[in-house]
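Single-structure report; data block below.
Just so it is clear, the model here is predicted, and its values are computed rather than measured. All residue numbers refer to positions in the sequence shown, counting from 1.
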Amino acid sequence: MGSLPVLSSPECAPDGQGPRVAASDLAPLFDAQRRHLDHFFDRLDLKQAAAFAQALLDSPGAVFFTGVGKSGIVALKLAQTLASLGFARAGFLSPVDALHGDIGSVFPGDVLVLLSKSGASDELLALVPCARAKGAQLISLTSAASGADCPLAAACDLNVHLPLQGEVCPFGLAPVTSTAIQMVFGDTVVAAIMEARRLTRDQYASNHPAGKIGKTLIFKVKDVMKKQNELPLCKEGDMIMDQLTELTSKGCGCLLVVDDEYHLIGTFTDGDLRRTLKASGPAIFNLTVGEMCNRNPRTITAYAMAVEAMEKMESPPSPVQFLPVIDNKNVVSGIITLHGLIVTIAADQAMLAQGGEAGLDLEIHGADADA
């Protein structure tokens, strides 16, 4: 059997002469999109928006989002975002699958949010009586105003009107503005819920263990700092030239100057060594670390987030490569370096990637076995 012929369009232009999009073509479209979004912001009923946010906050059960087509994709995204916060069970309910058994996941007290530009989607209208019979609270998000042209709004307990001036589409049909409005509205309400719930950075990080978000949020300083014998320690009365081995062997680029009870006095870096040598010459052999150390270094605590340590290292007036780790009594417990932080995160990412490849390999071989 031969292969199917490759179809060519008589409208195709020769190579290099096909359709092009220029900046001058994009400018009026972005201007139109901005006007449509301004129309939405200027006319959104904030009382309706607040009632919607409060309904999600007060839900005693799960929050389900549903929609058809592109509105369904937005509904899925909003469900995943709300679920990632960790204080409410949230999920996407396919309107078609719901009528074939998945409605069983809805219980009395749950909230069902229905997204529809027109407010007249047959699939959603068919779902409404079934969800109501299950005891769910129904909320619709529509761009059609309530009335005869928006039966979904009339069928729900609450409707939020998302004002839509028009679609940025040559035909005014493709949902390229209405879905943007749905996403902006939903994500902004989720942000308001995060503030109302006083969601902490730790709580958010606990639901994002992988990826850049998780690795910068879930790690604490204590998880990545050097401690005990790894610390480059010295006393303020030690001679600078006697501490060169300690300065260079621990891989921190510095010395932590402490007293007999390990209270932090200051820091002395390899940069300080170069500057002192340049300024003092042979006299450096007679200088102590305490005479030349920085007695007001940036510090951090062991239970601070790793991302906070990185931000503090990079903050003005000039970036630093390390932070002494101290407790509330100024006692040194460790040191965190920018290099060590980056290496730890990269190694953890590599382990996750290997795990993902292994999982993919198992899936592939599993599929072969089933075949």
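Distance NZ/Lys117 to CG/Leu141: 15.5 Å, rounded to 0.5 Å. With rounding to the nearest 0.5 Å, the separation of CG in Leu164 from CD1 in Ile181 is 5.0 Å. Distance check: Thr248 OG1 to Asp270 CG gives 9.5 Å after rounding to the nearest 0.5 Å. Once rounded to the nearest 0.5 Å, the distance linking CD1 of Ile300 with CD of Glu311 reads 9.0 Å. Once rounded to the nearest 0.5 Å, the distance linking CD1 of Ile103 with OG of Ser94 reads 10.5 Å. Interatomic distance, CG of Leu277 versus CD1 of Ile284, reported as 5.0 Å (0.5 Å rounding).
Listed by chain and number, the hydrophobic cluster partners of Ile335 are Leu231, Leu233, Leu256, Val258, Tyr262, Leu264, Phe322, Ile326, Val331, Val332, where partners are ILVMFWY side chains within reach of under 4.5 Å, directly or through others.
Cluster annotation: Met194 is connected to Val184 through the hydrophobic network of ILVMFWY side chains, with a link wherever side-chain heavy atoms come within less than 4.5 Å. No continuous path of ILVMFWY side-chain contacts below 4.5 Å connects Phe64 to Phe107, so the two sit in separate hydrophobic clusters. The hydrophobic cluster containing Met239 does not contain Leu255, counting ILVMFWY residues as joined when their side-chain heavy atoms lie under 4.5 angstrom apart, directly or transitively. Cluster annotation: Leu37 and Leu46 are assigned to the same hydrophobic cluster (Ile/Leu/Val/Met/Phe/Trp/Tyr, side-chain heavy-atom contacts under 4.5 Å, transitive). Under a hydrophobic clustering in which Ile, Leu, Val, Met, Phe, Trp and Tyr are joined whenever their side-chain heavy atoms come within less than 4.5 Å, directly or via other members, Phe92 and Val96 fall into different clusters.
Of all heavy-atom pairs spanning Cys156 and Leu114, the tightest one is SG-CD1, 3.9 Å. In terms of heavy-atom proximity, Gly109 sits nearest to Ser59 at O-OG, 3.7 Å. Residues Gln182 and Leu162 approach most closely at CG-CD1, 3.9 Å, considering heavy atoms. Between Thr177 and Val168 the shortest heavy-atom distance is OG1-N, 3.1 Å. Between Leu115 and Ser71, the shortest heavy-atom distance links the atoms O-CB, 3.6 Å. Nearest heavy-atom pair across Ser143 and His161 is O-NE2, 3.0 Å.
Ion pair Lys77/Asp187 flagged as a salt bridge, since at least one NZ, NE, NH1 or NH2 atom sits closer than 4.0 Å to an Asp/Glu carboxylate oxygen.
Using a 4.5 Å heavy-atom cutoff, the side chains of Thr337 and Gln321 are not in contact. Counting heavy atoms from C-beta on, the side chains of Phe268 and Cys234 never come closer than 4.5 Å. You'll find the side chain of Asp110 stays beyond 4.5 Å of the side chain of Leu112, heavy atoms only. Counting heavy atoms from C-beta on, the side chains of Leu78 and Val113 never come closer than 4.5 Å. Annotation: side chain of Glu167 is in contact with side chain of Pro175 (closest heavy-atom distance under 4.5 Å). Residues Thr269 and Asn294 form no side-chain contact, since every pair of their non-hydrogen atoms from C-beta on lies 4.5 Å or further apart. Contact check for Lys70 versus Val74: no side-chain heavy atoms found under the 4.5 Å cut-off. Inter-residue side-chain proximity for Val176 and Cys169 is flagged as met; some heavy-atom pair is nearer than 4.5 Å.
Side-chain polar atoms of Asn159 and Thr142 form a donor-acceptor pair below 3.5 angstrom.
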Yes or no on side chain to side chain contact (heavy atoms under 4.5 Å, CB included) for Glu123 and Leu99, after CA distance, side-chain angles and deciding distance?
-> CA-CA 9 Å; Glu123 296 88 345; Leu99 300 180; over 6 Å; no
Trace of the side chain to side chain contact (heavy atoms under 4.5 Å, CB included) decision for Lys222 with Tyr303 = CA-CA 6 Å; Lys222 67 182 182 65; Tyr303 287 90; 3.5 Å; yes
Determine, step by step, whether Asp31 and Arg34 satisfy the salt bridge (Lys or Arg N to Asp or Glu O under 4.0 Å) criterion, reporting the C-alpha distance in whole Å, the side-chain angles of both residues, the deciding distance to 0.1 Å, and the verdict.
-> CA-CA 5 Å; Asp31 286 341; Arg34 182 187 295 111; 2.9 Å; yes
Could you walk me through whether Leu152 and Ser121 pass the side chain to side chain contact (heavy atoms under 4.5 Å, CB included) check?
-> CA-CA 8 Å; Leu152 187 61; Ser121 302; over 6 Å; no
Residue pair Asp223, Lys220: steps toward the side chain to side chain contact (heavy atoms under 4.5 Å, CB included) verdict = CA-CA 5 Å; Asp223 299 320; Lys220 288 185 169 62; 3.6 Å; yes
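Side-chain atoms of Lys312 come within 3.5 Å of backbone N or O of Thr299 as a donor-acceptor pair. When atom types are taken as modelled, the side chain of Thr66 and the backbone of Leu93 share a donor-acceptor pair closer than 3.5 angstrom. Formation of a donor-acceptor pair under 3.5 Å by the Asp157 side chain with backbone atoms of Leu138 is found in this model. With hydrogens and angles ignored, the 3.5 Å screen pairs a side-chain donor or acceptor of Glu230 with a backbone N or O of Lys227. Checked by atom type and distance alone, the side chain of Ser280 never pairs as donor or acceptor with a backbone atom of Ala283 at under 3.5 Å. Between the side chain of Arg43 and the backbone N or O of Gln165, no donor-acceptor pair lies under 3.5 Å.
Counting only residues at least two apart or on different chains, the salt bridge (Lys or Arg N to Asp or Glu O under 4.0 Å) pairs with a member in residues 275-304 are Glu236-Arg295, Asp272-Arg275. Applying the salt bridge (Lys or Arg N to Asp or Glu O under 4.0 Å) rule to pairs touching residues 247-263 yields Lys235-Asp260, Glu246-Lys250, sequence neighbours excluded.
Counted within 6.0 Å of NE2 on His339, heavy atoms from surrounding residues, nucleotides or ligands total 12 or fewer; the atom is thus considered open. Remark: Asn229 CG is loosely packed, at most 12 non-hydrogen atoms of other residues, nucleotides or ligands lying under 6.0 Å away.
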